[in-house]
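Given the structure is predicted, the values throughout are model-derived calculations rather than measurements. Basis for what follows: all heavy atoms, side chains included, without hydrogens, waters or symmetry-related copies.
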Amino acid sequence: MAINFSVFFFTFSLTFLLSSATQFHKSAPDSAPSMVHIIYTDRPLNETPEAYHIRILTSVLGSEEAAREALVYCYKDSVIGFAAKLTPDQVEKITKQPGVLNAVESHSYHLDSKGEMLT
């Protein structure tokens with residue numbers, strides 16, 4: 001009988017926590033942290049890549065000032081695109097903009113061999 005109560009209590013607690021987390025996520029969609037994403041775009045025709053990227057960001061963020069604050073880097077040589085700090089909702093909106101090809105989250109990888117020889 002004690003095992004059944006423990007299983008019931010664990011299941012009930014887990015269900016409560018998961019439903020609370022889901023409700024919190026639904027009630028606060030703008031609280032998601034901004035992460036750096038790389039946005040791949042078409043090559044601009046009649047403007048500089050930076051101006052083109054700022055224009056795309058402005059259409060999603062609402063102001064040129066916010067776009068400049070979010071912009072991390074402009075890629076304009078072998079790849080056309082930019083890196084910007086965006087929330088998941090903003091990434092979803094930016095992928096629907098004309099000229100945007102793809103958006104991926106930026107990741108940093110660090111080699112850590114601790115001075116040991118790898119064989």
(request) List the atom of Pro49, the atom of Pro44, and the distance in Å for their closest heavy-atom pair. (result) CA-CG, 3.8 Å
(request) Using the side-chain hydrogen bond (donor to acceptor under 3.5 Å, both in side chains) rule, collect all pairs that involve residues 71-80, keeping only residues at least two apart or in two chains. (result) none
(request) Could you tell me which residues satisfy salt bridge (charged side-chain N to carboxylate O under 4.0 Å, His left out) with Glu47, sequence neighbours excluded, listed by chain and number? (result) Arg55
(request) Could you list the residues that satisfy side-chain contact (heavy atoms from CB on, under 4.5 Å) with Glu105, not counting sequence neighbours? (result) Met35, His37, His107
(request) Heavy atoms only: give me the nearest Ala83-Val36 pair and the separation to one decimal. (result) CB-CG1, 4.1 Å
(request) Kindly write out the residues that satisfy side chain to side chain donor-acceptor pair (under 3.5 Å) with Glu92, not counting sequence neighbours, or none if the list is empty. (result) none
(message) Connecting only ILVMFWY residues whose side-chain heavy atoms lie within less than 4.5 Å of each other, what is the rest of Ile80's hydrophobic cluster?
(response) none
(request) Kindly give the cluster partners of Phe82, where membership spreads through any ILVMFWY side chain lying under 4.5 Å from a current member. (result) Ile39, Tyr52, Ile54, Ile56, Leu57, Val60, Leu61, Leu71, Leu86, Val91, Ile94, Val100
(message) The criterion is salt bridge (charged side-chain N to carboxylate O under 4.0 Å, His left out); which residues satisfy it with Glu64, sequence neighbours excluded?
(response) Arg68
(request) With rounding to the nearest 0.5 Å, note down the distance linking CD in Glu50 to SG in Cys74. (result) 4.5 Å
(request) Can you sort out the partners of Ser59 under side chain to side chain donor-acceptor pair (under 3.5 Å), two or more places apart, ordered by chain and number? (result) Gln97
(message) I need the minimum non-hydrogen distance between Ala103 and Thr95, along with the two atoms involved.
(response) CB-CG2, 3.6 Å
(message) Once side-chain contact (heavy atoms from CB on, under 4.5 Å) is applied, do any residues pair with Val104, and if so which ones, sequence neighbours excluded?
(response) Ile38, Tyr40, Asn102
